[in-house]
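Worksheet: one structure, shown below.
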Amino acid sequence: MTVVSLRLLRPQVSRARFGQAARFLLVGLSGVVVNQFLLVFLTASLGIHYLVSAVLATQGSTTWNFLGNERWAFAGRRFAGPVWARYIGYSAINNGSLILRIPLLWAFTELLHVGYAWSNLATLVVLFVGRYLVADGWIWRAKADPAAVAGEDGVVGGAGSSALVAVGPGLPAPYRYDIAGILFVTSETELPELAAFRTEALGQPDIRITIARVGSLPGRRIALSRDGDSVRYVEHLGALGANFRVTMGSPIEVEASPLLALSRHVLYTNVLEALLRFVLVSKGYVLLHSACIAKDGRAALLSAQTDTGKTSTVIRLVRDRGYQFLSDDMTIIDPRGVARHFPKPMTLSYHTMHSIRGDEIPARQRAALAVQSRIHSKSGRSFGKTLGTLNIPIMSVNSVVQIAVPPPKHHIDRLVECEMLSAATIEHVFLMERGDALRERVALDDALGQLIDNTDDAYGFPPFSSFAPQIRIGDDDYAALRRRESELLATALQGAEIWRLRVPGHEWAELLPSIIEAPRPVDEREPVAIPIVPDVPAQVSIELPIEVPLGDATT
């Protein structure tokens, strides 16, 4: 099976591969000129609609690029098939990519109000990498070299080999993550959202991510299929799409297609985090969609629908009132009443930008954020969810958008000075809502459903709704895991004050301190020590032991 090499995802390519990539790039750039000329000519001179012109221009640039690649970029290879088969294959790739390009071209032109010529150029550029991966590994692949051996960097294949290969058997994955000492993830592609948990240590993974070819020929619809413990998701573009295969076992194996692996945010958010959620449940913890800050080591959970205002509230409380930070988007909940950190980088949405002072982000990055924050805003997510209801390759479209315009993600300690904790006792839970002003206490039973609903909302983007019910860990299916999740959460929060705060704007940072910092009645019950996460980073400030009332502890 042909899979992508880490040589293509890191700057460790052979001279021969670099030369082929450079020539492929030059041919591609000349094809962009041809495509742009045909697009503008057909639209401006002949009055053809720009979307139709894009389809017609693709036919001309496809033939031009094929001749350049055949006669120059990949010249010298002994090809595995006849020239006509290579042309049909290359034409299928370029015309298949129109399924991605046309929605992107329309979105850039109509929603972002970018001129159609510039929009066309942007869509051509962002698809270049994926086209090279497929062209090099499939269309113009060389005949197999039986002499190819594993090199010093652990990648199978000689310098002149064109086969795309993964890390060899028995060799450790280059990216390893120890998540709060609870579970271990290894990956052949970097996962920036888990950067805080990066480790060089070796361990038996609970989840292993590899890069592989998933799917084959293009199809008319998204295909979600199950074969025993293996679940496969394949979109319209076949092997060219953002596809994945998950095999439930020990460890759980996740195979990501090259396009999905290149869009690391989509791989993490749409596939891995859903698995993390239920693997943690199987280990007796909850991954709750919530921010978590602390005052004097006592934690407050902030739960809300996505894009309500958690991030801007956290930034203001940490910066202006000296609150301690545990998480912004997801928090690990220990059933003994302890919140454990999950410090993902913050996504700076449009309204969050107003909470950041000008000197906290360099001017160049701030200018880029003006575009990024709009695309990755609530309206952008809503548009994506709407597309997800249509018969289009939504994961592939999302992946290309994320590659073209990466989400604006920054770790909080790069934005403001802050004290970071690894764990703290949960004292308050806040259900944050927008609307007419309201402040009320909420019973635990009434809050549980909303906390779970807010967590589900974080996974609202396809394909969670169709993929998640297929998850099975050990003897527990999806329904059993969700029941267990609610039970664990109820146990963890039985000693916390739960409040609903509804505001018309984003006034939570002004309201929360009056509740969090108010003195609570003294509980005379005997406390019990709860150990915190091992290997606490140097910047963490926390005292041992964490004290939790005995009535809140479980065995």
Heavy-atom closest pair, residues [X] and [Y]:
{"X": "Asn243", "Y": "Val214", "value": "ND2-O, 2.9 Å"}
{"X": "Ala509", "Y": "Thr313", "value": "N-CG2, 4.0 Å"}
{"X": "Pro192", "Y": "Arg264", "value": "CG-CZ, 3.8 Å"}
{"X": "Ser486", "Y": "Ile452", "value": "OG-CG1, 4.0 Å"}
{"X": "Pro335", "Y": "Thr491", "value": "O-CG2, 3.4 Å"}

Would you confirm whether [X], through its side chain, and [Y], through its main-chain N or O, come within 3.5 Å as a donor-acceptor pair?
{"X": "Tyr177", "Y": "Leu191", "answer": "yes"}
{"X": "Arg484", "Y": "Glu487", "answer": "no"}
{"X": "Ser230", "Y": "Arg226", "answer": "no"}
{"X": "Thr199", "Y": "Ala201", "answer": "yes"}
{"X": "Ser187", "Y": "Thr189", "answer": "yes"}
{"X": "His289", "Y": "Asp329", "answer": "yes"}
{"X": "Glu497", "Y": "Glu427", "answer": "no"}
{"X": "Thr269", "Y": "His265", "answer": "yes"}

* With Arg221 via salt bridge (Lys or Arg N to Asp or Glu O under 4.0 Å) - residues at least two apart -> none
* Those residues that, when tested against Gln450, pass side chain to side chain contact (heavy atoms under 4.5 Å, CB included) (two or more places apart) -> Leu431, Glu433, Asn454, Arg500
* Only one of Glu273, His411, Glu193 passes side-chain hydrogen bond (donor to acceptor under 3.5 Å, both in side chains) with Lys344; say which it is. => Glu273
* More than 12 non-hydrogen atoms from neighbouring residues, nucleotides or ligands closer than 6.0 Å to CZ on Arg441, yes or no? -> yes
* Is there a donor in the side chain of Ser396 and an acceptor in the side chain of Glu235, or the other way round, less than 3.5 Å apart? -> yes
* Asked: Going by atom types alone, do Thr247 and Asp229 pair a side-chain donor with an acceptor below 3.5 Å?
  -> no
* Asked: Hey, is Arg482 close enough to Asp477 for a salt bridge, meaning N to O under 4.0 Å?
  -> no
* **salt_bridge(Arg277, Glu485) N-O dist < 4.0 Å** => yes
* Asked: Is any side-chain heavy atom of Leu275 less than 4.5 Å from a side-chain heavy atom of Phe467?
  -> yes
* Hey, does Val314 have a side-chain heavy atom less than 4.5 Å from the side chain of Leu302? -> yes
* Asked: What is the ring orientation for Phe464 with Tyr478, classed by angle as parallel under 30°, tilted 30 to 60°, or perpendicular over 60°?
  -> perpendicular
* To do: Classify the angle between the aromatic ring planes of Trp508 and His506 as parallel (below 30°), tilted (30 to 60°) or perpendicular (above 60°).
  => perpendicular
* Ring center gap for His341 and Phe197 short of 6.0 angstrom -> yes
* Can you check salt bridge (charged side-chain N to carboxylate O under 4.0 Å, His left out) on Lys283 and Asp206, steps first, answer last? -> CA-CA 11 Å; Lys283 291 178 175 289; Asp206 296 282; 3.2 Å; yes
* Asked: Mind checking what makes side chain to side chain donor-acceptor pair (under 3.5 Å) contact with Lys295, not counting sequence neighbours?
  -> none
* To do: Output the distance between atom CE (Met395) and atom CG (Leu267), rounded to the nearest 0.5 Å.
  => 8.0 Å
